[in-house]
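Here the structure comes first, spelled out in structure tokens, and everything after it is commentary.
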Amino acid sequence: MSLQQTLSDHDLKTRLIAGEETAFAELYDRYSAPIYQYIKKFVHSTDLSEDLTQEIFIKIWQCKSKLCEVRSIRAYLFIMARNHTLNSLKKALRSDVAMSEVLNSFVEERNDTEESLLSKEYHEYLEKALDALPSRTREIFKLCRQQGKSYDEVATELGISRNAVKNHMVGSMKILSASAKRDLGISLSVLLTVFLK
């Protein structure tokens with residue numbers, strides 16, 4: 001009987017954390033094909049998709065001790081695939097326009113189950129990060145980034161100076177940017193592209 005017939009993803013994760021190579025082989029067998037297909041939708045290159053898929057699984061093995069905090073290894077794999085692909089493309093595509101097109105294609109595809117799950121994870125993450133900000137800073141961030149208001153409009157609405165609005169925004173972007181890089185391994189712009197769609 002193979003591991004596939006006997007182990008849930010949770011059990012597989014536990015064995016992987018313990019360093020069992022058979023569990024890693026099973027994880028690869030179970031998820032390399034869907035991860036490859038997911039990446040290929042965006043990079044449109046068989047060779048690059050295969051390389052990125054291999055790199056993602058190598059990262060999983062190298063960082064297996066961090067999997068303790070992961071709720072769903074399936075969701076985690078797709079999040080890693082998205083982040084790693086975006087970061088690789090960012091290096092290849094120095095142009096903001098090209099990067100923007102790639103990001104939009106990620107967002108357009110998000111009706112898939114995995115994409116919806118990732119968007120939900122990103123939303124939850126950003127909401128949690130925003131909750132950690134001072135209430136006024138959070139309010140200003142939401143008015144500017146979610147409602148698309150200008151600094152002048154926000155300043156008038158809240159009865160404060162435009163400079164104060166700017167200072168709050170600079171502060172919040174610094175904090176959120178550091179958090180996104182530390183916790184998700186992505187830039188804040190990637191996180192906001194998903195969040196604001």
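What you see is a predicted model; the values in this text were computed from it and never measured.
Considering only heavy atoms from C-beta on, F141 comes within 4.5 Å of M173 through its side chain. At a threshold of 4.5 Å between non-hydrogen side-chain atoms, the residues L143 and V165 do not count as touching. Looking at heavy atoms from C-beta onward, F78 lies in side-chain contact with P34 at the 4.5 angstrom threshold. Using a 4.5 Å heavy-atom threshold, the side chains of K142 and L130 count as touching. Counting heavy atoms from C-beta on, the side chains of Y31 and D9 come closer than 4.5 Å. At a threshold of 4.5 Å between non-hydrogen side-chain atoms, the residues W61 and L27 do not count as touching. You'll find the side chain of R82 reaches within 4.5 Å of the side chain of Y38, heavy atoms only. Taking 4.5 Å as the limit, some side-chain heavy atom of L158 sits within range of a side-chain heavy atom of E139.
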Q) What's the verdict on salt bridge (charged side-chain N to carboxylate O under 4.0 Å, His left out) for R15 and E21, showing C-alpha distance, side-chain angles and the deciding distance? A) CA-CA 9 Å; R15 292 194 179 200; E21 289 183 14; over 6 Å; no
Open item on the list: side chain to side chain contact (heavy atoms under 4.5 Å, CB included) for Y36 and T46? Distances and angles first, verdict last.
Closed with: CA-CA 9 Å; Y36 166 81; T46 302; 3.3 Å; yes
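In the displayed structure, Q147 atom CD is contacted under 6.0 Å by more than 12 heavy atoms of other residues, nucleotides or ligands.
Judged by distance alone, the side chain of Q54 and the main-chain N or O of D51 form no donor-acceptor pair under 3.5 Å. When atom types are taken as modelled, the side chain of R162 and the backbone of A155 share no donor-acceptor pair closer than 3.5 angstrom. Checked by atom type and distance alone, the side chain of K59 never pairs as donor or acceptor with a backbone atom of M80 at under 3.5 Å. S172 contributes a side-chain N or O that, together with a main-chain N or O of H168, makes up a donor-acceptor pair within less than 3.5 Å. With hydrogens and angles ignored, the 3.5 Å screen pairs no side-chain donor or acceptor of S32 with any backbone N or O of D29.
When all heavy atoms of K64 and G19 are compared, the pair lying nearest together is CE-CA, 3.7 Å. Taking all atoms of both residues into account, the shortest heavy-atom contact from L133 to R138 is O-NH1, 2.9 Å. Scanning all heavy atoms of the two residues, the minimum distance from L12 to A23 falls at CD1-O, 3.6 Å.
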